[in-house]
*Asks:* 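Below: one structure in structure tokens.
Numbered from 1 within each chain, the chains take letters A, B, ... in sequence-line order. Atom set for the values below is all heavy atoms of this structure, side chains included, hydrogens, waters and symmetry mates excluded.
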2 protein chains.
Amino acid sequence: MRLSDGVESGVHVCVLLATLPNGAALPAAKLAEYHGVPAAYLAKHLQALAGADVLRTVKGARGGYRLARPADEITVLDVVEAIDGGESAFRCSEIRRRGPLAMPAREYTKVCGIHHVFTRADEVWRAELARTTITDLLMGVLRDVPRAALEKGARWLQDSAR
Amino acid sequence: MRLSDGVESGVHVCVLLATLPNGAALPAAKLAEYHGVPAAYLAKHLQALAGADVLRTVKGARGGYRLARPADEITVLDVVEAIDGGESAFRCSEIRRRGPLAMPAREYTKVCGIHHVFTRADEVWRAELARTTITDLLMGVLRDVPRAALEKGARWLQDSAR
DNA sequence: GCTTTCTCGGATAGCTAGTATCCGTATTAT
DNA sequence: ATAATACGGATACTAGCTATCCGAGAAAGC
Ligand code: SF4
Ligand code: SF4
């Protein structure tokens, strides 16, 4: 089981955008450069995030991406579902309908126990991700990252926002 | 994000094996036929389950597979980890080490907040799966599946155990 | 109004992990 | 001995994800 690779960049982008002043935007190329990931690929994820109303696009010259909502109203789950999709990890192929035990479809009214376990597990997983907002993550970064690195980042932002 | 396809068959196999009398075994070919899945493929998953000490193999003629432990000591998580692997869904590529913000490796001592969120989510997911045993699932089947189907299944088992 | 800058959206190649299969060998009951 | 069965490696196939490209269109600035 593997989460889409783009989720990581997606979350990082949101955290970075959360540091920008009110309505400012940052173009996709800069975001890619900042994180050291291929720009063309990141663009796809940015579009997905924009489509999911996590990011807002600012078109035209001096445009780019910015958060669509306040950072404390965006959860990690929002980012995950935008990029990785909202489907459950478990997909059953209705095994019980096959083989010699098979019965007519109408016999199977309720969701079976096996299916149910995985559905519940999926729900708690998502609930846990929904618990943390971009603001929470930003706080963590400000606390954990050494001052020197923070200043380096801030300087870079100034230069490229120009 | 997608769970390995074989997990479904794996769980079904365990539930079926839980219905067998004490030390009886069922060959891979029969298990595959019962569930209507390709035998050669199922064999792989069975081996994985045996390697993870979920199933026990009985070699030689009239051999097959049986549960390695009592059904109420086998959790759904055991099956999932045997077939799908125990790795977390989220794998970070250390983005913070790339790009202009990069700093020497020794600066990054603790696990970052982003990483932490996904680790925690993964833990609750696994905890939820560990909550349910094969016995629990078997109970559910006995309760939910119509009597006619149960008898059909029992008859089939008799015939093929011969 | 024209030009420049930048995003949007689709179209498409490349790659990796997972799916599915085969067969020769080892092991055991009869 | 013979038949039945697990084991393990080798391998083809496939879907989904990774990564890239480019033209159309929209906003900003002159
Ligand atoms: S019994 Fe449950 S898990 Fe198995 S095929 Fe049916 S719905 Fe899916
Ligand atoms: S900041 Fe966290 S999630 Fe991002 S690359 Fe580093 S460890 Fe991974």
*Asks:* Grab the NE2-C1' distance between H35(B) and dA20(C) for me, whole Å please.
*Replies:*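 One finds 18 Å between C1' of dA20(C) and NE2 of H35(B), rounded.
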
*Asks:* Taking side-chain contact (heavy atoms from CB on, under 4.5 Å) as the definition, give me every residue that meets it alongside A39(B), ordered by chain and number, with sequence neighbours left out.
*Replies:*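 Scan of A39(B) (side-chain contact (heavy atoms from CB on, under 4.5 Å), adjacent residues dropped) gives A32(B).
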
*Asks:* Base, sugar-phosphate alone, or nothing: which one does A50(B) contact when heavy atoms must sit under 4.0 Å apart?
*Replies:*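 The residue A50(B) makes no contact with any strand.
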
*Asks:* On DNA chain C, check which nucleotide each of L3(B) and V58(A) is closest to and give me the residue with the more 5' one.
*Replies:*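 Per heavy-atom nearest nucleotide, the more 5' residue is V58(A).
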
*Asks:* Please, which pairs that meet side chain to side chain donor-acceptor pair (under 3.5 Å) have at least one residue in residues 66-76 of chain A, sequence neighbours excluded?
*Replies:*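 Only T75(A)-D78(A) qualify under side chain to side chain donor-acceptor pair (under 3.5 Å).
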
*Asks:* Any salt bridge (charged side-chain N to carboxylate O under 4.0 Å, His left out) involving residues 14-27 of chain A? Give me the pairs, sequence neighbours left out, ordered by first then second residue.
*Replies:*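 Pairs touching residues 14-27 of chain A that pass the test: none.
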
*Asks:* Using a 4.0 Å cut-off to any heavy atom of chain B, which nucleotides of DNA chain D are the first and last in contact, reading 5' to 3'?
*Replies:*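 Counting from the 5' end, contacts occupy dA4(D) to dG16(D).
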
*Asks:* Taking side chain to side chain donor-acceptor pair (under 3.5 Å) as the definition, give me every residue that meets it alongside E87(B), ordered by chain and number, with sequence neighbours left out.
*Replies:*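 Listed in chain order: R91(B).
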
*Asks:* In whole angstroms, how far is the C1' atom of dG18(C) from the CD atom of E87(B)?
*Replies:*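 Distance check: E87(B) CD to dG18(C) C1' gives 13 Å.
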
*Asks:* Go through the structure and list residues passing side chain to side chain donor-acceptor pair (under 3.5 Å) with T133(A), not counting sequence neighbours.
*Replies:*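 Counting only residues at least two positions away or on another chain, T133(A) forms a side chain to side chain donor-acceptor pair (under 3.5 Å) with D136(A).
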
*Asks:* Roughly how many Å is it from CD in E8(B) to P in dT19(C), rounded to a whole number?
*Replies:*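 Rounding to the nearest Å, CD of E8(B) and P of dT19(C) are 12 Å apart.
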
*Asks:* I'd like to check the salt bridge (Lys or Arg N to Asp or Glu O under 4.0 Å) partners of R120(B); sequence neighbours left out, ordered by chain and number.
*Replies:*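 Listed in chain order: E128(A).
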
*Asks:* Of the non-hydrogen atoms in A71(A) and T135(A), which two are nearest, and what is the gap between them?
*Replies:*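 Taking every non-hydrogen atom into account, C-OG1, 3.2 Å.
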
*Asks:* Test of understanding: with ring pair (Phe, Tyr, Trp, His ring centres under 6.0 Å), list the residues that count as partners of Y65(B), not counting sequence neighbours.
*Replies:*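 None.
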
*Asks:* Which atom pairs link the protein and nucleotides 23-30 of chain C when you take only N or O atoms and keep those under 3.5 Å?
*Replies:*
{"from": "dT28(C)", "atom 1": "O2", "to": "A61(B)", "atom 2": "N", "distance (Å)": "3.1"}

*Asks:* Got a list of side-chain donor-acceptor pairs under 3.5 Å for residues 41-55 of chain B, not counting sequence neighbours?
*Replies:*
{"from": "Y41(B)", "atom 1": "OH", "to": "H45(B)", "atom 2": "NE2", "distance (Å)": "3.3"}

*Asks:* Treating Ile, Leu, Val, Met, Phe, Trp and Tyr as nodes and any side-chain heavy-atom pair under 4.5 angstrom as an edge, say whether L20(B) and I134(B) lie in one connected cluster.
*Replies:*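 In one cluster with L20(B): I134(B), yes.
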
*Asks:* Rounded to whole angstrom units, what separation is found between the CZ atom of R2(B) and the C1' atom of dA17(C)?
*Replies:*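 Taking CZ of R2(B) and C1' of dA17(C), I get 12 Å after rounding.
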
*Asks:* Which residues in residues 40-49 of chain B have a heavy atom closer than 4.0 Å to any atom of DNA chain D?
*Replies:*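 Those residues are K44(B), Q47(B).
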
*Asks:* Using the salt bridge (Lys or Arg N to Asp or Glu O under 4.0 Å) criterion, which residues pair with R126(A)? Sequence neighbours excluded.
*Replies:*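 E81(A), D122(A).
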
